[in-house]
Amino acid sequence: MSAHLSFKEREEFSQRLRMSLQKAGINPDSPTQFHRALQLADETVRISPSTIYRWLLGDSLPSEENMKIVANLCNVCPQWLRSGRATVEI
């Protein structure tokens with residue numbers, strides 16, 4: 001997914017993720033705290049803290065499935081979290 005994104009797009013994702021985590025009461029500088037919050041939200045999630053660290057740095061993005069889980073945890077739209085744009089369904 002992130003192979004087609006520019007550095008700027010990955011950086012902007014990282015900023016949205018950090019802001020969303022902070023608003024959700026999760027320290028955006030702690031991959032471990034983020035990991036624990038994900039585990040509490042969904043026990044079936046198998047995401048390592050090192051993967052989360054790469055998301056926070058903007059080195060990679062979550063898969064579509066994991067993006068939905070993260071967005072739900074942060075109470076934001078997955079499309080907005082990924083791209084900065086939200087889709088509007090009519």
Side-chain angles (χ1 to χ4, degrees):
M1 176 187 289
S2 60
H4 298 93
L5 297 177
S6 69
F7 173 79
K8 181 181 178 201
E9 290 169 317
R10 292 190 315 268
E11 177 66 25
E12 289 171 351
F13 161 76
S14 173
Q15 290 171 359
R16 285 188 299 278
L17 175 60
R18 290 174 161 279
M19 178 183 64
S20 298
L21 287 169
Q22 191 164 23
K23 286 183 178 182
I26 301 166
N27 182 351
D29 295 320
S30 176
T32 304
Q33 187 180 27
F34 184 7
H35 181 258
R36 278 190 224 126
L38 283 171
Q39 291 291 299
L40 287 172
D42 186 341
E43 293 177 0
T44 65
V45 173
R46 299 290 180 245
I47 303 167
S48 71
S50 63
T51 296
I52 290 169
Y53 181 69
R54 288 193 303 273
W55 296 347
L56 292 169
L57 290 178
D59 287 345
S60 66
L61 274 69
S63 66
E64 187 174 334
E65 181 180 326
N66 287 337
M67 187 72 74
K68 289 176 185 176
I69 293 167
V70 172
N72 188 49
L73 176 69
C74 295
N75 198 32
V76 297
C77 173
Q79 293 84 4
W80 174 83
L81 187 58
R82 184 184 189 286
S83 67
R85 296 180 298 272
T87 58
V88 178
E89 294 183 23
I90 301 174

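Every heavy atom of this structure was used, including side-chain atoms; hydrogens, water molecules and symmetry mates were not. All values reported here derive from a predicted model rather than from experimental measurement.
Here the straight-line distance linking atom CD of Glu12 with atom CG of Leu17 works out to 13.5 Å at 0.5 Å rounding. To the nearest 0.5 Å, atoms OG1 (Thr44) and CD1 (Ile69) are separated by 6.0 Å. If you take OG1 on Thr51 and CG on Leu61, they are separated by 12.5 Å, rounding to the nearest 0.5 Å.
Listed by first and then second residue, the salt bridge (charged side-chain N to carboxylate O under 4.0 Å, His left out) pairs that reach into residues 37-52 come to none, sequence neighbours excluded.
The minimum heavy-atom distance between Cys74 and Leu21, with the atom names listed, is SG-CD2, 3.7 Å. Contact between Cys77 and Ala71 at its shortest, heavy atoms only, is C-CB, 4.0 Å. Counting all heavy atoms, side chain and backbone alike, Phe13 lies closest to Pro62 at CZ-CD, 3.5 Å.
For Arg16 (side chain) and Arg82 (main-chain N/O), a donor-acceptor pair under 3.5 Å exists by modelled atom type. A donor-acceptor pair under 3.5 Å is absent between the side-chain atoms of Arg54 and the main chain of Asp59, judged by distance alone.
In the hydrophobic cluster analysis, where Ile, Leu, Val, Met, Phe, Trp and Tyr join through side-chain heavy atoms closer than 4.5 angstrom, Leu73 is grouped apart from Tyr53. Cluster annotation: Val70 is connected to Met19 through the hydrophobic network of ILVMFWY side chains, with a link wherever side-chain heavy atoms come within less than 4.5 Å. Hydrophobic cluster membership is shared by Trp80 and Met67, with clusters built from Ile, Leu, Val, Met, Phe, Trp and Tyr side chains linked at under 4.5 angstrom.
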Anything under 3.5 Å between a donor and an acceptor, one on a side chain of residues 24-40, the other on a protein residue two or more places apart or in another chain? List them.
| residue | atom | partner | partner atom | Å |
| --- | --- | --- | --- | --- |
| Asn27 | OD1 | Asp29 | N | 2.8 |
| Asp29 | OD1 | Arg18 | NH1 | 2.8 |
| Ser30 | OG | Gln33 | N | 3.0 |
| Gln33 | OE1 | Asn27 | N | 2.7 |
| His35 | NE2 | Ile47 | O | 2.9 |
| Gln39 | NE2 | Val45 | O | 2.6 |

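Side-chain contact between Trp55 and Ser60 is present, with at least one heavy-atom pair separated by less than 4.5 Å.
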